[in-house]
Amino acid sequence: MTSARVAARQTVADLGEFGLIDRIKGMLPRGNDRVALGIGDDTAALKTSPGMLLLATCDIQVEGRHFRLEHISPHQLGRRSAAINLSDIAAMGGSPTYALVSLALPQTTEVAWVDELYRGLGDELGAHGALVVGGNLSGSARDVVIDITLMGEVAEPLLLRRDGARSGDAVLVTGWLGESLLGRLALERGLDSTTPAAARVIEAHLTPTPRVREGQAVAARKGATAMIDISDGLAADLGHICSDSNVGARLVAGALPVSPEAREAAANLGVDAIEAALHGGEDYELLFTCPADEAERTAADVVAATGTPVARVGEIVRGEGIELVTSDGSRSSVEPRGWDHFATVEGGLKPPST
Ligand SMILES: [Mg+2]
């Protein structure tokens, strides 16, 4: 992405709304043969494909609530804002296509900051084949707000929903759990960010990796019964699959994918890594179910297609609620409390259970 030179410390107020729109338009790729009309008219006009379902989602990032400007660069913020939306398209097994970006900016925002935000947006969306085709700009009294509407598509037979899990299915998850929460706590508590463990969890928090190719690989196998992305936490999001599918689930604590770096960061923060994996949220991994006898091959196919690890973490059972089995065989019920628990209760995590 290229942008015209900007005077040092020039603000969005100096440039004006239409100047900023022109600038952003100039930075973005021109579109593709399915964009009949892109930025500049009242709406974008897009050609749809026969046999495909249109997917649409939106997710907002609000300064002070989802990010703090002292912790995240504009490029990282652009990537993160795109990633959380891409993750929702991934959770349907879909391919992202077009994004609309609404930005509310304080007048003092520097144009160079907006340039970097759009570079981050473009880098993350472009890496997954999506284009910005429109949006909206507004002033803001104080905080930066970024709201992205993202569209995508999926072939109708490949659509994966939350309500298809069946008793006996295996429960699988991509990648690693708990790192985003640990990264957020590391930033908030000023943990030394130069250690490899802290650097890894902070990166996981600031620039999560949307599992778009992984979602497509799961969908392509046609064996999965339900899928969701982990935004609220494993327990809360598995809870959504369970309640929508009228089933319960059993999770095995020892099977949860917790990296050595997450264990180290958790120990340094005085929190339990398993609790972070269960309830941390914002990991943007994919959680899916499939018949138990297909679990191994499905996981192997996703690993082969993407290089991303897949862990079998439990099973779907009759009834309701989620049960956790620990290494000593004890069973406890897991309340799906999710992200908000940590957002509102400082130090709400249990101390490590060593
Ligand atoms: Mg979601």
Side-chain angles (χ1 to χ4, degrees), residues 53-62 65-67 79-101 121 124-125 128 130 146-154 158-165 171-181 184 204-219 224-245 247 249 257 277-290 302 306 308 310 313 316 322 336-343:
L53 294 173
L54 174 70
L55 306 171
T57 182
C58 61
D59 217 322
I60 196 166
Q61 292 279 287
V62 178
R65 171 69 180 168
H66 300 100
F67 64 89
R79 285 188 56 198
R80 183 174 217 275
S81 304
I84 61 173
N85 281 280
L86 289 162
S87 179
D88 277 323
I89 299 291
M92 310 304 288
S95 304
T97 52
Y98 305 112
L100 303 169
V101 180
L121 275 171
E124 194 69 46
L125 291 169
H128 297 94
I146 305 162
D147 188 20
I148 299 181
T149 297
L150 181 63
M151 285 163 279
E153 59 184 17
V154 64
L158 300 187
L159 180 75
L160 276 167
R161 305 160 41 134
R162 300 179 177 184
D163 60 0
V171 178
L172 299 100
V173 65
T174 60
W176 307 97
L177 295 177
E179 297 191 359
S180 180
L181 171 75
R184 186 160 67 85
H205 178 66
L206 295 179
T207 51
T209 304
R211 300 300 194 183
V212 176
R213 288 178 308 129
E214 293 78 0
Q216 291 166 354
V218 172
T225 49
M227 188 153 69
I228 191 169
D229 68 319
I230 301 181
S231 51
D232 298 332
L234 172 64
D237 289 310
L238 181 56
H240 293 313
I241 285 184
C242 287
S243 55
D244 287 5
S245 303
V247 291
L278 283 171
H279 301 294
E282 296 196 298
D283 284 316
Y284 299 103
E285 296 295 351
L286 294 178
L287 170 65
F288 61 99
T289 57
C290 72
V302 176
T306 66
T308 302
V310 176
V313 296
I316 296 293
I322 300 170
R337 53 181 194 252
W339 196 92
D340 270 325
H341 176 79
F342 300 108

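Each ligand, and each atom within it, is numbered from 1 in the order the structure gives. These numbers were taken from a predicted model, which means no experiment stands behind them.
- Here the CE atom belonging to Met227 is positioned 13.0 Å from the CG atom belonging to Asp237, to the nearest 0.5 angstrom.
- Looking at Glu214 and Thr308, their side chains do bring a donor and an acceptor atom within 3.5 Å of each other.
- Within the protein, the N, O or S atoms sitting under 2.8 Å from the Mg ion (ligand 1) are Asp88 OD1, Asp229 OD1.
- Ile148 has its side chain within reach of Leu121: a pair of non-hydrogen atoms, C-beta onward, lies under 4.5 Å apart.
- Scanning both residues, Gly233 and Ile230, for their nearest heavy atoms gives C-CG2, 3.5 Å.
- Checking Glu153 against Ser95 by side-chain atom types alone, no donor-acceptor pair falls below 3.5 Å.
- In this structure, Arg213 has no salt bridge (charged side-chain N to carboxylate O under 4.0 Å, His left out) partners at least two apart in sequence or on a different chain.
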